[in-house]
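Below, chains carry the letters A, B, ... as their sequence lines are ordered, and counting in each starts from 1. The basis for the numbers below is simple: all heavy atoms, side chains too, and nothing from hydrogens, waters or symmetry mates.
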Amino acid sequence: MEQLQTLRGMVDLLPEATAHWQWLEAMAREHFRRACVHEIRTPLLEATDLFARGIGEATDVVGKEMYSFLDRGERSCTLRPEGTASVVRAAIQHGLLSQGPQKLWYGGPMFRYERPQGGRQRQFHQIGLECLGFADSRSDVEAIAIAWDLLQALGLTNLQLELNSLGSQDDRRAYRDGLVAWLQERQDQLDADSQQRLATNPLRILDSKHPQTQELLSLAPNLEDALSPASRERYEQVKAGLSALGIPFLCNPRLVRGLDYYGHTAFEITSDALGAQATVCGGGRYDGLVEQLGGAPTACVGWAMGLERLMLLLGQENKPTSSPDVVVVSQGDRAEALAVPVARQLRQLGQAVEIDLSGSGFGKQLKRAGKSGARWAVLIGEEEATSGQLQLKDLSSSESRSIALGQLAEEWPRL
RNA sequence: GCGGGCGUCGCCAAGUGGUUAAGGCAGCGGCUUGUGGCGCCGCUAUUCGGGGGUUCGAAUCCCCUCGCUCGCCCCA
């Protein structure tokens with residue numbers, strides 16, 4: 001019979017991994033709490049149109065990576081490939097923005113139909129920050145700082161923050177037209193992918209990894225030169241703000257984010273320890289998105305982090321252990337009948353209690369208790385069941401004392 | 001979607017055409033019917049990701065397929 005297994009690119013997180021993930025999630029949650037960022041949870045499934053309109057029809061994410069299907073009502077549905085569009089949709093739908101600017105975070109699985117690779121899965125996990133209704137350049141700085149500081153708090157070093165400004169919509173349009181005109185004259189020198197993008201998404205050509213294309217681009221019109229004085233000023237403010245915080249960054253005029261909605265500040269935080277999937281965090285400003293999805297014009301900044309990639313960087317350190325505090329060991333009918341009630345009482349006292357239900361002899365049960373890493377074993381045999389005096393054994397010192405069945409709460413050792 | 005590498009027990013892993021597919025770890029049982037962490041003994045793959053083919057004979061060769069992995073692409 002054929003083995004049932006996970007779908008391609010989908011991964012089970014087993015208990016060992018899960019403990020590590022919980023630690024990471026707790027760190028993130030605490031970090032957002034300190035920044036007064038509130039959590040928002042949106043459905044995993046949305047109308048396909050949300051992403052098509054939000055992310056951009058010409059992007060790879062929408063064009064070839066979405067998990068879309070028709071539901072029983074013939075509506076086109078899509079498993080969310082990213083978080084921003086849903087958050088903006090929710091903010092509009094519930095009128096959150098009429099209550100003032102919102103700083104929101106989200107976390108959870110995202111879905112992209114891509115070829116799996118190290119640090120890239122079809123179902124993967126992101127946490128993200130979305131600051132809706134913030135236009136000031138200081139909000140760009142704050143958003144980046146929140147990301148940077150979280151990564152620092154996680155103990156990640158050797159990260160590189162790359163920064164760019166894509167300018168205003170007008171700047172970008174003017175620059176794009178100029179770039180397209182310039183590249184069209186040299187179309188034969190472009191790689192095939194880039195030629196394709198000339199028509200669909202010309203700015204993306206800038207961050208092509210093709211060496212020959214890069215060489216050509218070094219002669220092409222520069223995005224930075226196309227920025228209006230106001231855009232340039234804004235960019236300088238962001239840089240100054242980061243410098244004032246002591247956050248190191250590298251200006252990369254070729255940095256163009258893949259999704260359509262970005263403008264002005266764009267940034268990525270990368271690691272050279274991840275192979276081809278170097279980006280740990282990516283984000284920027286998306287002032288036009290709310291309006292594009294039917295809301296009032298609203299200035300926004302945000303970012304998203306890939307948790308699998310963080311886990312890869314975190315490696316095996318910080319792995320919390322999850323040993324029981326106590327193992328309840330019992331032998332004989334009357335004693336065995338007490339095992340669950342005793343365990344329950346101890347659990348109510350806040351102990352992590354394992355019960356040995358194997359029916360093996362005391363020797364075996366104790367052996368397993370020792371291996372479990374528990375500090376204590378509570379032994380119940382015929383004698384204990386009769387006297388009501390249970391045996392409490394300290395597994396690290398091998399010392400035993402008795403503890404009254406009716407007085408567990410009072411007599412349990414305080415540490 | 002395109003190229004390269006790989007796929008033997010829960011994990012690590014030997015075996016590269018010829019009798020019963022090493023070994024280690026983990027697990028289970030025993031030595032030890034009520035007291036662990038050591039030690040010793042035993043058990044655990046009719047089967048080598050799946051399907052077909054070549055052959056007297058295949059885990060070993062060929063084809064297809066699935067999956068993993070690395071790079072491209074893309075992105076978190």
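Going from atom NZ of A:K364 over to atom P of B:U32 covers 12 Å, rounded to whole Å. Distance, A:F51 CZ to B:A76 C1': 15 Å, rounded to whole Å. Atom pair A:R115:CZ and B:C68:P shows a separation of 9 Å (rounding to whole Å applied). Spacing between atom OH of A:Y106 and atom C1' of B:A76 amounts to 9 Å, rounded to whole angstrom units. Computed from coordinates, the A:M10 CE to B:G67 P distance equals 12 Å when rounded to whole Å. Straight-line distance from the CD atom of A:Q365 to the P atom of B:G29: 10 Å, rounded to whole Å.
Look at the P atom in both B:G18 and B:A58: the space between them is 11 Å, to the nearest Å. Spacing between B:A76 and B:G67 at atom P, rounded to whole Å, works out to 25 Å. Spacing between B:C48 and B:C61 at atom C1', rounded to whole Å, works out to 15 Å. For the P atoms, the distance from B:U60 to B:C38 is 40 Å, rounded to whole Å. To the nearest whole angstrom, the two P atoms, one in B:A22 and one in B:U47, are 14 Å apart. Only the P atoms considered, B:U46 is 11 Å distant from B:C9, to the nearest whole Å. If you take atom C1' in B:A14 and the same atom in B:U8, they sit 9 Å apart, rounded to whole Å. Comparing the P positions of B:G49 and B:C11 gives a spacing of 13 Å, expressed to the nearest Å.
Considering A:Y67, A:F124, A:F69 in turn, A:Y67 is the only one that fulfils the ring-ring contact (aromatic ring centres under 6.0 Å, His included) rule with A:Y113.
Between A:A404 and A:Q389, the closest heavy-atom pair is CB-NE2, 3.5 Å.
Comparing B:C68, B:G34, B:G27 by their closest approach to the side chain of A:P116 singles out B:C68. The A:R120 side chain lies nearest to B:C73 when the options are B:G37, B:G34, B:C73. The side chain of A:L379 has B:U35 as its nearest neighbour among B:C2, B:G27, B:U35. The side chain of A:Q117 has B:C70 as its nearest neighbour among B:A76, B:C70, B:G36. Comparing B:C75, B:G27, B:G29 by their closest approach to the side chain of A:R368 singles out B:G29. Listed nucleotides: B:U35, B:G67, B:C75. Nearest to the side chain of A:E384: B:U35. Of all nucleotides listed (B:G34, B:G36, B:A76), B:G34 comes nearest to the side chain of A:E382. Ranking B:U35, B:G36, B:U33 by closeness to the A:Q331 side chain, first place goes to B:U33. Checked against B:A76, B:G36, B:G3, the side chain of A:R112 finds its nearest nucleotide in B:A76. Across B:G36, B:G34, B:A76, the shortest atom-to-atom separation from the side chain of A:R309 is found for B:A76.
Taking for each of A:V280 and A:G361 the nucleotide of RNA chain B with the nearest heavy atom, the 5'-most of the two is the partner of A:G361. In terms of position along RNA chain B, the nucleotide closest to A:R8 lies nearer the 5' end than the nucleotide closest to the other residue of the pair A:R8 and A:V256.
A donor N or O paired with an acceptor N or O is not found under 3.5 Å between the base of B:G29 and the side-chain atoms of A:S360.
As judged by a 4.0 angstrom heavy-atom cut-off over every strand, A:E383 is placed among the base-contacting residues. At the heavy-atom level, A:A369 lies nowhere under 4.0 Å from the strands shown. Contacts of A:G9 with the nucleic acid, taken as non-hydrogen atoms under 4.0 Å apart, involve only primed sugar atoms and P, OP1 or OP2. Residue contacts shown for A:G381 include a base, since a base heavy atom lies under 4.0 Å away. Within the 4.0 angstrom heavy-atom criterion, only backbone atoms of the sugar-phosphate kind lie near A:K371; the bases stay farther away. At the heavy-atom level, A:G119 lies under 4.0 Å from base atoms of the strands shown.
Residues A:R204 and A:S194 have side chains that never bring a donor and an acceptor to within less than 3.5 angstrom of each other. Of the N and O atoms on the side chains of A:Y286 and A:E130, at least one donor lies less than 3.5 Å from an acceptor on the other residue. Inspection of the A:Q391 and A:S400 side chains reveals an N or O donor paired with an N or O acceptor under 3.5 Å.
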- [ ] Start with the C-alpha distance between A:R401 and A:E399, add both sets of side-chain angles, then the distance that settles salt bridge (charged side-chain N to carboxylate O under 4.0 Å, His left out), and finish with yes or no.
- [x] CA-CA 7 Å; A:R401 45 178 273 202; A:E399 281 164 18; over 6 Å; no
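At B:C75, one or more side-chain N or O atoms of A:R204 fall inside 4.0 Å of OP1 or OP2 (strictly under the cut-off).
Under the 4.0 Å criterion applied to side-chain N and carboxylate O atoms, A:R138 and A:E142 are not assigned as salt-bridge partners.
Distance check, rounded to the nearest 0.5 Å: CZ of A:R80 to CG of A:L44 gives 4.5 Å.
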